[in-house]
Amino acid sequence: RHTPRSCLETVLLLNKELELYKEDLLEKPAVLVVNKMDSEGADEKLRAIQSHLKDLAELPLRLPTGASLQFSEPLRPKHPLQFDSVMAISALSDPEGVSRVKQRLRELLDFYAEQSRVLAEQESRLLEQLTANVMEAGPRLV
């Protein structure tokens, strides 16, 4: 009933859906997991889209002539996702694939938590310095 979409078309449509729903979600860390790598021709399809996934902003402009991916202007994302990781698995034939995804998610959660902690410490030190400077000077009588 519907024309099947490629992986790339699906990613772009999901990107646009997030943009329309709550645009600040596009600033969050993102991981793309490409499943069904046990399907025939999956490796070639993945190689064909990997370079496009690195820069979704340029995607509609970089597609080769005659490509089937055609998005009208309203469907093109204005703020493309940036993926921290693109992982290819086969949940059916590679039981370790899901474990690798979980491990990568854990690594990214730890990384961003550490970044947040360091940033909070820097902000706290800056606030302490500013507060100390204001307290030292105090009000002046003229």
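One-based numbering along the sequence shown. When reading the values below, keep in mind they use all heavy atoms of this one structure, side chains included, and skip hydrogens, waters and symmetry mates.
Listed here is the closest heavy atom pair of Gln82 and Ala30: O-CB, 3.9 Å. The two residues Ser85 and Leu108 come nearest to each other via the heavy atoms OG-CD1, 4.3 Å. In this structure, Ser93 and Asp38 approach most closely via the heavy-atom pair OG-CB, 3.5 Å. Val34 and Cys7 make their closest contact through CG2-SG, 4.3 Å (heavy atoms, listed as atom of the first residue, atom of the second, distance). In terms of heavy-atom proximity, Leu53 sits nearest to Phe83 at O-CD1, 4.1 Å. Contact record, Val31 with Met87: CG1-SD, 4.5 Å, taken as the closest heavy-atom pair.
Within a 6.0 Å sphere centred on NZ of Lys45, other residues, nucleotides and ligands contribute 12 heavy atoms or fewer. The 12-atom threshold is not exceeded at CD of Glu40, counting heavy atoms of other residues, nucleotides or ligands nearer than 6.0 Å.
Atom-to-atom distance recorded for Glu9:CD and Ile49:CD1 is 11.0 Å, nearest 0.5 angstrom. From Glu19, atom CD reaches atom CG of Leu25 across 11.5 Å, with rounding to the nearest 0.5 Å.
Using modelled atom types, one side-chain atom of Asn15 and one backbone atom of His79 make a donor-acceptor pair closer than 3.5 Å. For the pair Asn35 (side chain) and Ala91 (backbone), a donor-acceptor distance under 3.5 Å is present. Side chain of Glu23 to backbone of Leu18: no donor-acceptor contact under 3.5 angstrom is found.
Cluster annotation: Leu14 is not connected to Leu8 through the hydrophobic network of ILVMFWY side chains, with a link wherever side-chain heavy atoms come within less than 4.5 Å. Leu32 and Leu81 fall within the same hydrophobic cluster, defined by Ile, Leu, Val, Met, Phe, Trp and Tyr side-chain heavy atoms under 4.5 Å apart, directly or through other members. Phe111 and Val33 fall within the same hydrophobic cluster, defined by Ile, Leu, Val, Met, Phe, Trp and Tyr side-chain heavy atoms under 4.5 Å apart, directly or through other members. Leu109 and Val118 fall into different hydrophobic clusters, where Ile, Leu, Val, Met, Phe, Trp and Tyr residues are linked whenever their side-chain heavy atoms come under 4.5 Å apart, directly or through other members. In this structure, Leu26 is a member of the same hydrophobic cluster as Leu12, with clusters built from ILVMFWY side-chain heavy atoms closer than 4.5 Å.
Between Arg47 and Asp43 there is no salt bridge, since no side-chain nitrogen of the basic residue lies less than 4.0 Å from a carboxylate oxygen of the acidic one.
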query = What do the steps show when you test Asp94 against Arg100 for salt bridge (Lys or Arg N to Asp or Glu O under 4.0 Å), and what is the final call?
reply = CA-CA 10 Å; Asp94 179 17; Arg100 286 192 308 276; 2.7 Å; yes
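For the side-chain hydrogen bond (donor to acceptor under 3.5 Å, both in side chains) condition, the pairs that include at least one residue of residues 118-128, sequence neighbours left out, are Arg117-Glu121.
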